[in-house]
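As structure tokens, the structure follows; a few thoughts come after it.
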Amino acid sequence: MSLTNKTAVVTGASKGLGRAIAKRLAQEGCNLALVARSAEALSQLADELATPLTTGSGIKAQGFACDLSCTESLFKCVDQIKGTFGSVDILINNAGTGFYKPFIDHSPAEHDAIIDVNIKAAIHLTYALLPQMLEKQQGQIINIASDLSTRPLANMAVYAASKFALRGFSLSLLKEVKNQGIKVSLLNPGIIDTCFNNNTPGNQPAQQALQPDALAETVLQLLTQPQFQLIDELTVHPQLQDF
Ligand code: NAP
């Protein structure tokens with residue numbers, strides 16, 4: 001399926017995997033609504049992507065600064081996106097947060113941050129954008145979970161809980177909407193070389209952490225499956241990760 005002239009919402013587009021996904025989709029001619037809290041980073045990326053010399057195609061890209069943990073702001077943001085782009089064809093629920101430390105050292109505010117962004121925002125965004133897709137009998141939702149959506153890890157209990165929940169949501173929603181032309185896919189990456197959990201990108205050897213650009217290529221593959229074929233769930237690990 002061609003992505004040219006489609007419109008995608010990519011959350012967590014200010015850095016890391018979301019930024020890499022946005023760049024890769026722009027190369028395919030996909031218009032982009034970029035969502036995260038960092039307005040400056042989004043606006044710079046939007047300018048870069050909308051420059052034909054950078055992407056090779058004249059796409060429309062715009063940043064929508066929003067704290068997705070605030071439900072009211074999230075729904076306002078979706079209204080702004082619809083006002084700017086009209087119809088949305090693709091939703092990439094990528095924004096996420098987590099802290100590697102003992103459960104007991106997580107504050108209640110950190111519990112909320114993890115649950116609100118990793119699962120609640122994905123559910124609310126899907127709720128807000130699915131009706132347009134159902135009307136067209138066409139649309140794709142990609143949920144970026146984690147290999148921790150299927151396996152336990154000490155010091156990541158709340159994070160794993162949020163990703164287990166995202167997996168349950170994604171696979172169950174697919175059952176509900178796949179006969180109406182909508183594809184829902186879950187991507188479970190292992191360690192990615194991003195700023196996640198205060199990591200400094202470039203710190204980890206390539207065999208031990210997935211590169212965002214390479215994983216963005218995998219997201220493109222999820223989005224460009226033949227018409228009546230879909231990948232419901234895909235796990236990708238760096239070759240040397242212990243899992
Ligand atoms: P990252 O570099 O830390 O990026 C996280 C993104 O989420 C940023 O763009 C951030 O933007 C956005 N975000 C966080 N909180 C937000 C909020 N309250 N409202 C709006 N946006 C928010 O991490 P990443 O590795 O690219 O993470 C992307 C996805 O991959 C996440 O769902 C993560 O759980 C998942 N994942 C990561 C790894 C890994 O090892 N890195 C492994 C498996 C799965 P702002 O700060 O500008 O808001």
Side-chain angles (χ1 to χ4, degrees), residues 9-24 32-46 63-78 81 91-100 109-125 142-151 153 155-156 158-167 169-170 186-204 206 208-216 218-219 233-238 241-243:
V9 173
V10 180
T11 70
S14 60
K15 56 189 170 194
L17 178 59
R19 185 179 160 89
I21 293 170
K23 285 174 125 172
R24 190 63 190 89
L32 288 157
L34 310 166
V35 182
R37 289 166 301 183
S38 312
E40 183 71 32
L42 292 180
S43 145
Q44 276 175 12
L45 180 62
F64 296 86
C66 174
D67 182 345
L68 292 172
S69 66
C70 171
T71 301
E72 200 187 334
S73 305
L74 180 151
F75 283 108
K76 268 191 199 153
C77 176
V78 172
I81 291 171
L91 168 61
I92 317 262
N93 283 313
N94 164 77
T97 194
F99 317 98
Y100 184 83
E110 287 173 332
H111 304 159
D112 285 346
I114 294 167
I115 298 297
D116 288 352
V117 181
N118 297 7
I119 176 67
K120 232 171 81 181
I123 291 173
H124 287 329
L125 286 166
I142 309 276
N143 293 311
I144 308 294
S146 162
D147 63 348
L148 300 183
S149 73
T150 60
R151 73 182 177 96
L153 185 68
N155 297 316
M156 289 298 261
V158 183
Y159 179 79
S162 73
K163 296 297 188 179
F164 266 68
L166 185 57
R167 179 171 190 264
F169 172 65
S170 191
L186 184 79
L187 180 61
N188 295 322
I191 296 167
I192 318 169
D193 192 19
T194 64
C195 299
F196 187 80
N197 187 46
N198 293 322
N199 178 53
T200 306
N203 252 357
Q204 312 180 57
Q208 287 171 18
L210 301 164
Q211 298 309 305
D213 288 348
L215 201 53
T218 304
V219 171
E233 180 172 20
L234 184 67
T235 300
V236 183
H237 280 115
Q241 182 182 335
D242 194 12
F243 59 88

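One-based numbering along the sequence shown. Atoms within each ligand, like the ligands themselves, are counted from 1 in listed order.
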Handout entry: Polar side-chain atom of D67 near backbone of S69 as donor-acceptor pair, under 3.5 Å
Key = yes
Exercise for the section: May I ask you to decide if the ring planes of H237 and F243 are parallel, tilted or perpendicular, using 30° and 60° as cut-offs? Expected result: parallel
Problem - L68 neighbourhood, listing ligand 1 atoms whose heavy-atom distance to it stays under 4.0 Å - result: 17 (C), 18 (N), 19 (N), 20 (C)
Exercise for the section: Could you tell me whether some N/O pair between I192 and ligand 1 is separated by less than 3.5 angstrom? Expected result: yes
Exercise for the section: Flag S146 as yes when one of its N or O atoms lies below 3.5 Å from any N or O atom of ligand 1, and as no otherwise. Expected result: no
Practice task
Indicate yes or no: does an N/O atom of L17 lie under 3.5 Å from an N/O atom of ligand 1?
Solution key: yes
Handout entry: Atoms of ligand 1 close to A145 [distance to a heavy atom under 4.0 angstrom, numbered from 1]
Key = 35 (C), 36 (N), 44 (C)
Exercise for the section: Report yes if T97 has an N/O atom closer than 3.5 Å to an N/O atom of ligand 1; otherwise report no. Expected result: no
Handout entry: Per-residue contact class, A209 against ligand 1 - non-hydrogen pairs under 4.0 Å
Key = neither
Handout entry: Output field: ring centroids F196/F99 closer than 6.0 Å
Key = no
Problem - Separation of T194 OG1 from R19 CZ (nearest 0.5 Å) - result: 13.0 Å
Handout entry: 4.5 Å side-chain heavy-atom contact, K120 and T71
Key = yes
Problem - ligand 1 atoms in contact with S14 (distance to a heavy atom under 4.0 Å) - result: 8 (C), 9 (O), 10 (C), 11 (O), 45 (P), 47 (O)
Problem - Nitrogen or oxygen atoms of I191 and ligand 1 under 3.5 Å apart - result: no
